[in-house]
Amino acid sequence: NRSSDLEPFASRLQSPSRYQIVPLTTELWFDDYSSNFIGSKYAAAIRLFDSSHSTEVATTRLRLRATPSGGGVSITGPYCTATAANDGLCESSSGPMHVQVGSDWFDKYDSASIVIVQSESKLMPATIPIGSVKLNRRVDWTKNSTRNKAIVEVPPRSFFRDETFDVKIYGYTEYRVKSIDFTLETTTNALLFGLVYPQDLSCSSTSTSNTLSISCSLPTSFQPPTSRRTSPEYLLAVSVTVTGGSAETANIIGHVTSMADLRTDSVVTSKTRMEHVDRMGYHVSSSALAKIHIRSYPALLTGILPYAEQGELVNTPAFVDSETITSDVKVSGVYEDYVVASRLSPSKIKGVVNNIDRNSNKVTCIVDPMGIISVDPTCQNAKLDGNQNRAGEATVNVSAGSF
C-alpha cells in the first residue's frame with residue numbers, strides 16, 4: 001500500500017514549487033447550468049512537483065476562482081487536494097479541480113478569467129493565472145418568432161454518445177394551441193427518438209428509424225381564453241438519445257402538418273417547415289434545421305501530464321559498477337469526458353489515465369540538453385548508463401499524439 005509506505009516519511013515531503021495544468025473547459029453553455037451535469041463548471045487537471053522534480057509532494061490544497069469579464073463578483077470553487085500517494089495529482093471529492101459559474105453570468109458576460117488560488121505552499125505564487133473560458137450567452141429567441149408557427153428548440157451544448165436530451169416543441173397561435181400534428185426527422189443514424197412528454201396535451205406517436213410522427217390535442221375540458229397570446233407556448237418535449245459518435249453534428253428537421261388554436265379550426269393546413277432554434281440562433285427559412293453537436297467517442301485526448309517516478313538520479317553507480325540507473329517516465333492522459341463524470345455511468349469515464357497507450361498515441365521524448373541523461377526509444381524510462389558526460393538538470397520533453 002503506497003499510502004501506508006509513505007506515512008513514516010511524511011516529514012521528508014517537500015512543498016510543491018512547480019505545476020502542470022491541462023484546462024478541460026474552453027467554453028460553457030447556459031443550458032448546462034440548470035442540470036446536474038459537471039459541464040456547467042470550469043474544470044482543470046493539475047499535477048504538482050517539488051523542487052527536486054518529484055511528485056511525492058507534501059499534501060497541498062488548491063482552489064479555482066472565476067471572475068466574470070467586466071469586473072463582476074468572483075466565485076471560488078471547492079478545494080482539490082494533491083498528495084504524494086496520488087502522484088501530485090490534485091482532485092476533489094467530485095473529480096477534477098473545478099469552479100461553478102453563476103447562472104446570471106450567461107445573461108451579462110461573454111467570458112470569465114480563471115486563476116488557481118492557494119496559500120499552503122510558499123514556493124508557489126498565491127495566485128496562478130490559467131486563462132479564460134468563453135460564456136455562451138443565453139439568447140431570447142422568442143422575440144423573433146412569428147404567429148401561426150411551430151418551433152423546434154434543441155439544446156446548444158454538445159453531447160457524448162449515450163447521452164439523452166430533450167427537444168422542446170412550441171406553438172405560437174393567436175389563442176392557446178388546441179391541436180397539432182407534426183414530424184421530426186434526423187438525417188443521420190446518430191440520434192434515436194424516444195418518449196414524448198406533453199405539457200397539457202394528450203399525444204400519440206409513431207416512429208420509423210429516423211422519423212417520429214406526433215399527434216396532440218387538448219382535452220375538451222379546456223375553455224377558450226379571453227386574451228390573445230403574445231409569445232410562443234411550450235407544448236411538449238421529445239427525448240432523444242445520441243447513439244453514434246462518429247459525426248460531428250446531427251440534424252433535426254421538423255414539419256407541422258396541421259395546427260389549430262381554441263378559436264380557430266386551422267391555422268396550418270398543409271405541410272410546413274417548422275422554425276428551428278439551436279446554438280447558432282433562430283432559423284426560419286424553408287430549408288431550416290436544428291444542429292446537434294456531438295463529441296467524439298471514445299473520448300479524445302485533450303492533454304498530457306507527464307512525470308518521472310524519480311526526479312533525481314545519482315550517476316556514481318553507472319560509472320563505478322556499470323550499473324544502469326533508471327526512472328520510469330509516466331505519461332498521464334487527460335481525456336475529454338473527464339468533465340462529464342456525472343452524465344454517464346462510471347464504466348464510461350476515462351478521466352485521467354495514469355499510463356496512456358503509447359502506441360496509439362505515438363509517445364516520443366526529446367532530452368534537452370543532451371549528454372546529461374538518456375531516454376529509451378519508446379520513452380518508457382530515463383536512464384544513466386555511464387555514457388553521460390556531465391551532471392546537471394535536463395528536461396525530457398514528452399509528446400503524445402498532438403500534445
Side-chain angles (χ1 to χ4, degrees), residues 30-31 34-36 138-157 159 163-187 191-225 228-243 250-279 282-284 288-292:
F30 67 86
D31 63 320
S34 59
S35 66
N36 192 33
R138 197 187 329 263
V139 178
D140 181 12
W141 57 265
T142 60
K143 62 185 179 182
N144 298 318
S145 55
T146 52
R147 200 180 292 279
N148 296 335
K149 296 290 186 179
I151 304 103
V152 180
E153 182 188 27
V154 302
R157 64 184 176 89
F159 296 90
E163 284 196 79
T164 297
F165 60 90
D166 285 344
V167 172
K168 295 181 179 180
I169 307 299
Y170 297 81
Y172 191 11
T173 53
E174 189 170 9
Y175 297 94
R176 188 166 193 178
V177 171
K178 179 175 67 175
S179 64
I180 182 172
D181 296 327
F182 67 97
T183 60
L184 296 177
E185 61 179 299
T186 177
T187 56
L191 302 178
L192 177 66
F193 294 115
L195 298 177
V196 177
Y197 300 96
Q199 182 79 347
D200 295 315
L201 301 169
S202 176
C203 299
S204 61
S205 63
T206 58
S207 62
T208 61
S209 58
N210 291 331
T211 304
L212 179 67
S213 300
I214 301 175
S215 179
C216 301
S217 61
L218 274 176
T220 56
S221 59
F222 278 86
Q223 298 299 314
R228 291 179 172 86
R229 295 196 61 83
T230 58
S231 63
E233 172 190 357
Y234 171 61
L235 302 177
L236 58 100
V238 177
S239 69
V240 180
T241 301
V242 180
T243 57
N251 300 329
I252 290 181
I253 303 169
H255 288 94
V256 58
T257 53
S258 69
M259 185 167 61
D261 68 16
L262 285 172
R263 289 200 175 182
T264 308
D265 286 339
S266 296
V267 296
V268 176
T269 58
S270 61
K271 186 176 181 180
T272 304
R273 195 84 159 201
M274 299 170 74
E275 297 179 345
H276 296 71
V277 183
D278 60 17
R279 67 161 59 175
Y282 193 74
H283 312 288
V284 298
L289 50 79
K291 289 187 175 182
I292 302 295

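Residues take their numbers from the sequence shown, with the count starting at 1. Please read these numbers as outputs of a predicted model, since none were measured by experiment.
- Residues passing the side chain to side chain contact (heavy atoms under 4.5 Å, CB included) test with Ser270 are Thr272, sequence neighbours excluded.
- Between Asp261 and Val177 there is no side-chain heavy-atom pair separated by less than 4.5 Å.
- Partners of Tyr172 under the ring-ring contact (aromatic ring centres under 6.0 Å, His included) rule, at least two apart in sequence or in another chain, do not exist in this structure.
- Taking the side-chain hydrogen bond (donor to acceptor under 3.5 Å, both in side chains) definition, one finds that Ser266 meets it with nothing, sequence neighbours left out.
- Summarising the geometry of Pro155 relative to Phe165, their closest heavy-atom pair is CD-CD1, 3.7 Å, with the distance given to 0.1 Å.
- Taking Thr241 as the reference, Thr164 meet the side-chain hydrogen bond (donor to acceptor under 3.5 Å, both in side chains) condition, with sequence neighbours excluded.
- Between Val167 and Phe193, every side-chain heavy-atom pair lies at or beyond the 4.5 Å cut-off.
- Evaluation of the salt bridge (charged side-chain N to carboxylate O under 4.0 Å, His left out) test over residues 165-174, restricted to residues two or more places apart or in two chains, returns Glu174-Arg228.
- Rounding to the nearest 0.5 Å gives a distance of 6.0 Å between CG of Leu192 and OG1 of Thr243.
- For the side-chain hydrogen bond (donor to acceptor under 3.5 Å, both in side chains) test, residues two or more places apart in sequence or in another chain that qualify with Asp278 are His283.
- Glu185 is linked by a side chain to side chain contact (heavy atoms under 4.5 Å, CB included) to Thr211, Ile253, His255, counting only residues two or more places apart in sequence or in another chain.
- Across all their heavy atoms, Ile151 and Pro232 have their closest contact at CD1-CB, 4.2 Å.
- Residue pairs meeting the side-chain hydrogen bond (donor to acceptor under 3.5 Å, both in side chains) criterion with at least one partner in residues 194-210, sequence neighbours excluded, are Arg176-Asp200.
- A search for side-chain hydrogen bond (donor to acceptor under 3.5 Å, both in side chains) contacts involving Asp140 returns Thr142, not counting sequence neighbours.
- Taking NZ of Lys271 as the start and OG1 of Thr183 as the end, the distance is 5.5 Å to the nearest 0.5 Å.
- Annotation: the span from Ile292 atom CD1 to Glu163 atom CD amounts to 11.5 Å, rounded to 0.5 Å.
- Closest non-hydrogen pair, His276 versus Ala290, comes out as CD2-N, 3.6 Å.
- Between Cys203 and Ile214, the shortest heavy-atom contact is CB-CG2, 4.3 Å.
- With hydrogens and angles left out, the side-chain atoms of Glu275 and Thr146 include a donor and acceptor closer than 3.5 Å.
- Looking at heavy atoms from C-beta onward, Ile169 lies in side-chain contact with Val152 at the 4.5 angstrom threshold.
- Atom CG of Leu195 and atom CG of Leu236 lie 12.5 Å apart (nearest 0.5 Å).
- Proximity of Val277 to Tyr170: side-chain heavy atoms (C-beta onward) are nowhere separated by under 4.5 Å.
- Identified under the salt bridge (charged side-chain N to carboxylate O under 4.0 Å, His left out) test for residues 208-219, with sequence neighbours left out: none.
- Proximity of a side-chain donor or acceptor of Thr173 to a complementary backbone N or O of Asn148 within less than 3.5 Å is not detected.
- With rounding to the nearest 0.5 Å, the separation of NZ in Lys149 from CE in Met259 is 8.5 Å.
- The salt bridge (Lys or Arg N to Asp or Glu O under 4.0 Å) search around Arg273 returns none, not counting sequence neighbours.
- The CD atom of Glu153 sits 9.5 Å away from atom OH of Tyr234, with the distance rounded to the nearest 0.5 Å.
- Across all their heavy atoms, Phe182 and Val256 have their closest contact at CB-CA, 3.8 Å.
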